[in-house]
Novice: 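My questions will all concern the structure given below.
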Amino acid sequence: MEHTLTIKKVIAGGKGLGTLSDGMVAMVPATLPGETVTVRESKSHRGYLEAHLVRILEASPDRVEPPCPYYGRCGGCDLQHAAYPAQLELKRLILRESLARVRLEEPPEHPALASPLAFGYRSRLRLHLDRSGRLGFHAHASNTVVPVDRCLLAAEPINRVLAALVEGGWPARLAPEIAAIELIHSPADATVAMVLTPRPRQRPRQAPRLLDALRALADAVLLAGGPAPVVFGQDFAPGGLGYRLCWDHRCFFQVNSRQNAQLVATVLEFLPVPARTTVLDLYCGMGNFSIPLALAGLEVTGVEQNRASIHWARVNSRVAGLDSTRFAADEVERYLHALIDAGARFDTVLLDPPRQGAGKAAPLLPLVQPSNILSISCDPATLARDLAQIVAHGYQVTRLIPVDMFPQTHHIESLALLERI
């Protein structure tokens, strides 16, 4: 059944929201606020329905023609139909609405931190390979692979390797044994590594021969879980500091390297003046924030469950000539309990949890009695939940900034500063 409606806003997840004539709420992808559209019902739920866009009767002035030929089929990008300034504003509004839902007092308005690159920013790309030899990305809400030979979000060195893979007929040759191919670009030296993920419960019999042949396409080729890690690096210079971070393919690192540098600089700016002396950096990874904080003169304790990341945090600290850092490979909640039992105190807590947020660790943060807490998040809903738990223990959100780490997609990174009342 088709309906005509006006889109009121774009909600978390990137879909437009409008109301049908009977009051039913409809969620429609690829739409923008203020647009009048015709839609067709695709799935009905209790209290709302999902619909496909059929035609645009009145377009938003912020609508642009998506430049990607795969847009609408590939499940990756979902905001390419919006001009970049409009994407930033949409994300700002979604973030603030997430806080309003949990009744958090809104801090002063802050515009979104734009990415230096709206396209070509990704330094890591994971491609799925089905058994028929199609290499690409999953379609939206599907395991069907949409084959691609180029991604407009990827750094150009990655696209060169991807094109060589496709042109050389490699997907069909790899398909019987390989389930995914990850291409990782090192910002420091422009090298590209290729990481092959074998199909479950299968050890590729052709692995040595395949790896040797594929080395003509990339600077390094290896099997996921193999013994030889590939090392990547990025140079930073926030606030006059100069240093390099290194990590390997087993570690998490922000895929938008230039925006990550801006995020690090913003974290340093968010620190109260004069800077506090002790920082607890939770989910610290390979030292993305720990190293610059220590170089700025703070004493940093970093906690991270991934042992490979902790290895590189220690290496990065040593290379930077630091003696004011210590790192622990541990689960964050467990480590916090141990700190609390020991009566430990920190002036500042910084946390950069995975998409599911800090969870049960959030209400523990006030128990180490920090004057301020810096929270970096990649999901507005889990951020709002975590902030609400911290605020309930005597803190208030004083600054909130959306950080556009993933242009052309609905994903929203953000940085929040909480101060003890």
Side-chain angles (χ1 to χ4, degrees), residues 115-127 149-168 170 180-197 210-265 284-292 294-295 304 306 308-322 325 405-407:
S115 173
L117 296 173
F119 290 95
Y121 62 84
R122 287 194 67 100
S123 61
R124 192 166 192 161
L125 206 65
R126 183 175 178 83
L127 300 138
D149 58 10
R150 180 177 179 79
C151 173
L152 294 186
L153 301 192
E156 194 54 35
I158 287 178
N159 275 321
R160 286 198 292 269
V161 175
L162 173 55
L165 274 168
V166 175
E167 292 168 5
W170 279 100
I181 300 176
E182 195 163 23
L183 301 175
I184 310 173
H185 169 241
S186 178
D189 54 21
T191 59
V192 177
M194 185 187 307
V195 182
L196 308 178
T197 300
L210 289 174
L211 297 183
D212 285 342
L214 286 168
R215 288 189 178 102
L217 307 184
D219 298 286
V221 183
L222 70 157
L223 288 175
V230 178
V231 180
F232 309 94
Q234 181 178 353
D235 295 316
F236 292 82
L241 303 174
Y243 60 96
R244 173 174 288 193
L245 294 183
C246 293
W247 65 97
D248 69 43
H249 68 282
R250 300 168 299 175
C251 305
F252 168 79
F253 194 76
Q254 293 286 6
V255 298
N256 188 337
S257 58
R258 290 179 60 179
Q259 182 69 326
N260 182 54
Q262 290 199 147
L263 174 59
V264 170
C284 69
M286 30 58 69
N288 191 47
F289 300 109
S290 295
I291 303 306
L295 287 170
E304 167 64 52
N306 184 313
S309 294
I310 286 295
H311 163 76
W312 285 107
R314 290 169 176 155
V315 169
N316 289 327
S317 180
R318 186 169 61 250
V319 170
L322 295 167
T325 59
M405 195 67 71
F406 311 102

Novice: Under a 4.5 Å cut-off applied to non-hydrogen side-chain atoms, are Asp219 and Asp189 in contact?
Specialist: no

Novice: Please give me the minimum heavy-atom distance between Val230 and Ala220, naming the atom from each residue.
Specialist: CG2-CB, 4.0 Å

Novice: Going through the distances and angles, do Phe406 and Gln254 end up as a side chain to side chain contact (heavy atoms under 4.5 Å, CB included)?
Specialist: CA-CA 10 Å; Phe406 311 102; Gln254 293 286 6; 4.2 Å; yes

Novice: For the side chain of Tyr121 and the backbone of Pro407, is there at least one donor-acceptor N/O pair under 3.5 Å apart?
Specialist: yes

Novice: Roughly how far, to the nearest 0.5 Å, is the CZ atom of Arg122 from the CG atom of Leu152?
Specialist: 13.0 Å

Novice: What distance do Leu222 atom CG and His249 atom NE2 have between them, rounded to the nearest 0.5 Å?
Specialist: 4.5 Å

Novice: Output the distance between atom CG (Asn306) and atom NE2 (His311), rounded to the nearest 0.5 Å.
Specialist: 11.5 Å

Novice: Quick one: closest heavy-atom pair of Ala190 and His185, and the distance?
Specialist: CA-NE2, 3.3 Å

Novice: Quick one: are Phe119 and Leu153 in side-chain contact, heavy atoms under 4.5 Å?
Specialist: yes

Novice: The test is side chain to side chain contact (heavy atoms under 4.5 Å, CB included); show your working for Asn256 and Ser115 and say whether it passes.
Specialist: CA-CA 8 Å; Asn256 188 337; Ser115 173; 3.0 Å; yes

Novice: Could you tell me whether the side chains of Ser290 and Thr325 share a donor-acceptor contact shorter than 3.5 Å?
Specialist: no

Novice: Give me each pair satisfying salt bridge (Lys or Arg N to Asp or Glu O under 4.0 Å) with a member in residues 153-166, each pair once, sequence neighbours excluded.
Specialist: Arg150-Glu156

Novice: Could you state the interatomic distance from CG (Leu214) to CG (Leu196), rounded to the nearest 0.5 Å?
Specialist: 6.0 Å

Novice: Do Phe253 and Asn288 pass the side chain to side chain contact (heavy atoms under 4.5 Å, CB included) test, and can you show the C-alpha distance, the side-chain angles, and the key distance before you say yes or no?
Specialist: CA-CA 8 Å; Phe253 194 76; Asn288 191 47; 3.8 Å; yes

Novice: Show the nearest heavy-atom pair for residues Gln234 and Ala261, with the distance to one decimal.
Specialist: NE2-CB, 4.2 Å

Novice: Side chains of Asn316 and Met286, heavy atoms from C-beta outward: is any pair under 4.5 Å?
Specialist: yes

Novice: Any salt bridge (Lys or Arg N to Asp or Glu O under 4.0 Å) involving residues 227-240? Give me the pairs, sequence neighbours left out, ordered by first then second residue.
Specialist: Asp235-Arg244

Novice: Between Val231 and Ser186, does the side chain to side chain contact (heavy atoms under 4.5 Å, CB included) criterion hold? Intermediate values first, please.
Specialist: CA-CA 8 Å; Val231 180; Ser186 178; over 6 Å; no

Novice: What are the two closest non-hydrogen atoms of Ala164 and Leu217, and how far apart are they?
Specialist: CB-CD2, 3.9 Å

Novice: Are the side chains of Trp170 and Ile181 in contact, using a 4.5 Å heavy-atom criterion?
Specialist: no

Novice: Tell me the closest heavy-atom pair linking Leu162 and Cys151, and the distance in Å.
Specialist: CD2-N, 4.3 Å

Novice: Check whether any side-chain heavy atom of Leu245 lies under 4.5 Å from a side-chain heavy atom of Trp312, and answer yes or no.
Specialist: no

Novice: Taking the side chain as everything from C-beta on, heavy atoms only, tell me whether Leu183 gets closer than 4.5 Å to Pro157.
Specialist: no

Novice: I'd like to check the ring pair (Phe, Tyr, Trp, His ring centres under 6.0 Å) partners of Tyr243; sequence neighbours left out, ordered by chain and number.
Specialist: Phe236

Novice: Supply the atom-to-atom distance Ile291 CD1 to Arg318 CZ, rounded to the nearest 0.5 angstrom.
Specialist: 10.5 Å

Novice: Could you tell me if the side chain of Leu125 sits less than 4.5 Å from the side chain of Val255, heavy atoms only?
Specialist: no

Novice: Atom CE in Met405, atom OG in Ser257: separation rounded to 0.5 Å?
Specialist: 10.0 Å

Novice: If I compare all heavy atoms of Ala218 with all of Val192, which pair ends up nearest, and what's the gap?
Specialist: CB-O, 3.6 Å

